[in-house]
Each structure stands twice: as C-alpha cells, then as structure tokens.
Amino acid sequence: MANFSKSNVPQFSVDVYQNEYLPDGGREVNAIVTVTSTGGGTVGTAAGASYAPGQGPSAGVVVMVDCSGSMDYPPTKMRNARDATAAAIDTLRDGTHFAVVGGTHVAKEVYPGGGRLAVADRTTREQAKQALRGLSAGGGTAIGTWLRLADRLLSSADVTIRHGILLTDGRNEHESPEDLRAALDSCAGRFTCDARGVGTDWEVKEVTGIASALLGTADIVADPTGLAADFTQMMETAMGKEVADVALRLWTPVGTAIKFVKQVAPTVEQLTDRRTEAGPRAGDYPTGSWGDESRDYHVCVEVPSAGLGQEMLAARVSLVVPQPDGSVQNLGAQGLIRAVWTDDMAASTSINPQVAHYTGQAELAQAIQQGLDLRKAGDMDGATAKLGRAVQLASASGNADTAKLLAKVVDVVDAATGTVRLKAKVAEADEMTLETRSTKTVRVKK
C-alpha cells in the first residue's frame, strides 16, 4: 500500500465503552470499541467524476457475473444481470481500474481482456457495456475459478483499493468445497468482495461465506429486477472506500490474553481466528477497506487476577495499515481498555449498556442460524425455541428489520417472552432472506 497524506485520508478515531470494574478475583474484561473514519470526502462522488491529480485513492474493481446455464431460467435473469453490471459500470469513477468476468465452470474475461484492467472513462465504460451484450448463459458453476481470476486481474494494476462484486444464482456444484475454500484462503487479504445471490436456487452459507472470508457484504436479491439498484449501491459504496487493509491492532501486557475479537456492527463477524502476530504481545485483526463510516467491535480480554484497589491496562487498541516493505503506518487513533478491582458490588456487577446490547445482537444472529438449521433438520421443537429466543432478542433491542423478517417465518404470539409458532408454509425467499441478513445488527442507542 502507498503512504497516505492527510489530504486524502479520513481521520480515524477510537472510542472505548466498558465497565472497567471487576470483583475480587475477576479476570474477564469486556469492551466495545467504536472505530470511526470521517472527512475523507469521496463518499457520494458522482459517477464519471474524478480526483485532482494525486488526490484520492486508486481503486480496482472486478465484477464477476454468473453465466451458468441456470441464469437462463427465466431468461429475464440474464438480462437483469447484464443491466445491473452496466449500471455498476456507469457508477465507476473516472480513473478507476476495472474488469468484467463471466463465471461458469471456468472464468472468462469479458472486458477488457488480455489479463489486465481497463481504466474507466467515457470510452471504456461504453466499450464494457457493449461487451456485456455478448454475455449468454451456459455451463456450470465453479466460483473459486472466478475469484482466482479476479485476484490475478486486480494484482495486475498498481492500485490502493482492490474490490470484487460477485453475483451467483446457483450452488457451487462444479468444484469441491475444498477448492472454494482454498481460493478464498488465497484471496483473503488481497481484495475485498461483496457477494449477492439472485433468485432462490443458491446456497446461503456459500454466499455469506465468500463475503465473510473477503470482508465484504452478502445479500439476497430474490427478484432479479432489483439487481440494478443493488449493483449501483454496491459500486457507489466501493467508490467511497479510501483506505485499504486497515487492521485493528491489540497490544496486551504480560499475563493477559485476548479471548475473542468480533465485529458487532453493522454486522456480526468473527475475527478472533484471523489474528496475525505483530511483534511482542501484539496482534492485528483485519477490518478491510474504509470510507466515511463507523463500526463497532467487541473485545474480550482475560487478565491476571489482582487485589482489590489495583488497576491495570488490559489492552491498548490502535489502527494500522501494513506497508509493502513490512512496516506499518499508524493511523493515529488509540483507545485503552482498563481493569480495576473493587469490592463495590454495584460497580463490579453493572454491565456496560454497549456490551450488553451487542452481546444480545450476537446471540440474536446465532439463534436465527441455529433455529433455521434445526428447522431444515426437522427438529421443530428446537427450531421453535431458538427462533422464539430470536424474536425476543430482536424485540428487546429494537432490531425492527430482523423482527419483520422473523415474522415471515414464525407467527409471533408474544414477542416479549419469545412465544412463537412455526409457520406451516414459508416462502423460500423469506427463509433465505432471514438467513442471509441474520448477522445485521442495530447500533446501540447512545
């Protein structure tokens, strides 16, 4: 990554919300870390606009369009996919490097070809849209090959932000799960990727797994006519990214250990296993690319037990961007997670509102996943219990969007107690929408 000047980078800030008080013998410290970037100035940049020379990030985007045989059923699906890709291309900022890949059981360069990226301007946008007209459906689905080609194309250009947009309508039937996992492992950290499933014949866990591994978003577009608006929104968001490869760096003193790190807003994303060591007692957790936005992270630290009245620094939070030479650029924002031992029962047993809220949101996501899995497995009693708990949590936390999705899968008798009945018939699109969006959270009311 290139070094960034203050003129073209958002300013980052870190806020820590926690109850630092522990009872005598207490060892677990929980904190919500809010990371905010502001003032980058590119979000909402009009399509076709460009930066002054030397201003703003350089970006590369590859759009991967499913061209397997099932995209012809109904025929309007392929047409909607072409139109959506054209709309995304129209949203590209001048100077953005881009390519279009057609995906079947193999990956093919649709535009510009030659193993390279085009540079967006009026001419190349028109050429790309002309090339889209040649897209037709036929063949199988091997998403790992699409991702590997996107990686090769994105690495061919000297750009700061590397991003993929992937559309599929079916299951990944023409390569093994191990092949897809190997492709994701190979691409992780090299580019971010938003994934969309169109229709209802695709596998939710495949699409959400791709987005999770590549630190992007996942969603369902049940009606193909909604693709153009969704693709436009995704591309506008991609054009607003200004800093890539931001890592949450946690330093801990001797005797402490990080139990877990997870993003909890705007979605739940487990980061614990993605840690890379960063020197003595420090580790980096990847967060992907940033524009003007704010995200929340739940950090749980285990500290050595100490006597009443003692206090210690449990962890120090900072933000860094790795450089090609192995060094890092510190983004200048820092937060401290503390531990103080007290015999004041009221202080040590009080749960910080932010920690309580996001603990509930993480449980909500898990309850939905478990409930839907149990429903598919035929365990209706177990499914009812889990989805009832999800309704209760969604209601208590004010997560109205998730509550509405749950109400399409269960009949809610009493939201406050989580009393529900499974619906006898559930539209496949409604069940898949609930599963795909189960990790979306609401911010805590400050």
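Nothing fancy with the numbering, it's 1 onward along the sequence. The structure presented is a predicted model; accordingly, all values stated were derived computationally and were not measured. Hydrogens, waters and symmetry mates play no part in the numbers below; they use all other heavy atoms, side chains included.
Thr439 places no side-chain N or O within 3.5 Å of a backbone atom of Thr267 that could act as its donor or acceptor partner. A side-chain donor-acceptor contact under 3.5 Å links Arg82 to the backbone of Leu135. In this structure a side-chain-to-backbone donor-acceptor pair under 3.5 Å is missing from Gln370 to Lys386. Under the 3.5 Å distance criterion, the side-chain polar atoms of Ser395 are left unmatched by any main-chain donor or acceptor of Gln392. Thr441 contributes a side-chain N or O that, together with a main-chain N or O of Val264, makes up a donor-acceptor pair within less than 3.5 Å. Panel note: side chain Arg171, backbone Asp201; a donor-acceptor pair is recorded below 3.5 Å. Side-chain atoms of Asn172 come within 3.5 Å of backbone N or O of Ile143 as a donor-acceptor pair. No donor-acceptor pair closer than 3.5 Å links the side chain of Asp15 to the backbone N or O of Val35.
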* Full working for side-chain contact (heavy atoms from CB on, under 4.5 Å) between Trp251 and Arg281 -> CA-CA 6 Å; Trp251 176 90; Arg281 301 192 304 282; 3.5 Å; yes
* Begin from the C-alpha positions of Arg389 and Glu363 and carry the test salt bridge (Lys or Arg N to Asp or Glu O under 4.0 Å) through to its verdict. => CA-CA 9 Å; Arg389 175 61 175 156; Glu363 186 191 345; 2.7 Å; yes
* To do: Might you work through the salt bridge (Lys or Arg N to Asp or Glu O under 4.0 Å) test for Lys129 and Asp90, ending with a clear yes or no?
  => CA-CA 9 Å; Lys129 288 189 287 183; Asp90 277 335; 2.8 Å; yes
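Contact check on Glu178 versus Arg181 returns no salt bridge, with no Lys/Arg side-chain nitrogen under 4.0 Å from an Asp/Glu carboxylate oxygen. Salt-bridge check for Arg125 with Asp94: passed, with a basic side-chain N closer than 4.0 Å to an acidic carboxylate O. Glu435 has a carboxylate O that lies under 4.0 Å from a charged side-chain N of Lys205, or vice versa, which qualifies the two as a salt bridge. A salt bridge links Asp169 with Lys77: the closest approach of a Lys/Arg side-chain nitrogen to an acidic carboxylate oxygen falls below 4.0 angstrom. A salt bridge is absent between Asp401 and Lys440: the closest approach of a Lys/Arg side-chain nitrogen to an acidic carboxylate oxygen does not fall below 4.0 angstrom.
Ring to ring, Trp341 and Tyr21 are not that close: their centroids are 6.0 angstrom or more apart. Ring centroids of Phe98 and Tyr111 are separated by less than 6.0 Å, placing the two rings close together.
Side-chain polar atoms of Thr34 and Asp296 form a donor-acceptor pair below 3.5 angstrom. Thr433 and Asp430 share no side-chain donor-acceptor pair at under 3.5 Å. Side chain to side chain, Glu269 and Ser212 meet the donor-acceptor criterion of an N or O pair below 3.5 Å.
Taking both residues in full, the closest heavy atoms of Thr252 and Ala315 are given as CG2-CB, 4.0 Å, listed atom of the first, atom of the second, then distance. Closest non-hydrogen pair, Ala99 versus Arg116, comes out as CB-O, 4.3 Å. When every heavy atom of Ala87 is checked against every heavy atom of Thr232, the shortest pair comes out as CB-OG1, 3.5 Å. Between His357 and Val442, the closest heavy-atom pair is NE2-O, 2.8 Å. Leu167 and Trp146 get closest at one heavy-atom pair: O-CZ3, 3.7 Å.
The side-chain heavy atoms of Leu271 and Phe260, taken from C-beta on, include no pair separated by under 4.5 Å.
Cation-pi contact between Arg295 and Trp290: present, with separation from the ring centre below 6.0 Å and deviation from the ring axis of at most 45°.
Here the options are Asp66, Asp219, Thr217, the test is side chain to side chain donor-acceptor pair (under 3.5 Å), and the partner is Arg196; only Thr217 passes. Partner Met64 forms a side chain to side chain contact (heavy atoms under 4.5 Å, CB included) with one of Val110, Thr168, Leu147 and no other, that one being Leu147.
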